[in-house]
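Side-chain atoms are counted along with the backbone in the values below, which use heavy atoms only and exclude waters and symmetry mates. The shown structure was predicted, so the numbers you read here are calculated from the model rather than taken from an experiment.
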Amino acid sequence: MFKANIHVTLKKSILDPQGTAVQKALHSLNYVNVTDVRLGKYFEVQLDAPDRAAAEAQVREMCERLLANPVIEDFTFELVEV
């Protein structure tokens, strides 16, 4: 059994208006040293796979087919055996 911690973020070349809004809000709260905010999504997925390689392949496929939009988003994940 594996747990995948998946992070999906907009590519650096894509504007992030929500991140900009959060940055401005932080500045208004006097956190003026915040220089950039990028928002994203976080998923925890548990799956039963025969080994780590199979789990990685399945998680990568899930990200490419559903969890991330590969045109505008990047994804990273880590697998933890549970």
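With respect to D16, the side-chain contact (heavy atoms from CB on, under 4.5 Å) criterion is satisfied by exactly one of V22, L10, D36, V37: L10.
Hydrophobic clustering keeps M62 apart from V82 (ILVMFWY residues linked when any side-chain heavy atoms are closer than 4.5 Å, directly or through intermediates). Residues L66 and F75 share a single hydrophobic cluster, defined by chaining ILVMFWY side chains whose heavy atoms lie under 4.5 Å apart. Hydrophobic clustering places M1 together with V80 (ILVMFWY residues linked when any side-chain heavy atoms are closer than 4.5 Å, directly or through intermediates). In this structure, L47 is a member of the same hydrophobic cluster as I6, with clusters built from ILVMFWY side-chain heavy atoms closer than 4.5 Å.
Counting all heavy atoms, side chain and backbone alike, L79 lies closest to A55 at CD1-CB, 3.7 Å. Closest non-hydrogen pair, K11 versus P70, comes out as NZ-O, 3.0 Å.
Counting non-hydrogen atoms of neighbouring residues, nucleotides and ligands closer than 6.0 angstrom, the CZ atom of R52 exceeds 12 such neighbours. Within 6.0 Å of atom CG in L15, 12 or fewer heavy atoms from other residues, nucleotides or ligands are found, so the atom counts as exposed in its surroundings. No more than 12 heavy atoms of other residues, nucleotides or ligands lie within 6.0 Å of CD in Q18, so this atom counts as exposed by the packing criterion.
Comment: E81 does not engage K3 in a salt bridge, judged by the lack of any side-chain N to carboxylate O separation of less than 4.0 angstrom.
Rounding to the nearest 0.5 angstrom, the gap separating the CG atom in L67 from the OH atom in Y42 is 12.5 Å. Put simply, NE2 on H27 and OG1 on T35 are 7.5 Å apart, with the number rounded to the nearest 0.5 Å. Atom-to-atom distance recorded for D74:CG and C63:SG is 11.0 Å, nearest 0.5 angstrom. In this structure, CG on D51 lies 9.5 Å from CD on E56, to the nearest 0.5 angstrom. Rounded to the nearest 0.5 Å, atoms CZ (F2) and CD (E78) are 13.5 Å apart.
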Next on the checklist: Run V8 and F43 through side-chain contact (heavy atoms from CB on, under 4.5 Å) and show every step you take.
Outcome noted: CA-CA 8 Å; V8 178; F43 300 92; 3.9 Å; yes
Next on the checklist: Apply side-chain contact (heavy atoms from CB on, under 4.5 Å) to residues T9 and R38 and explain how you reach the verdict.
Outcome noted: CA-CA 7 Å; T9 56; R38 303 285 290 178; 5.8 Å; no
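You'll find the side chain of K41 reaches within 4.5 Å of the side chain of E73, heavy atoms only.
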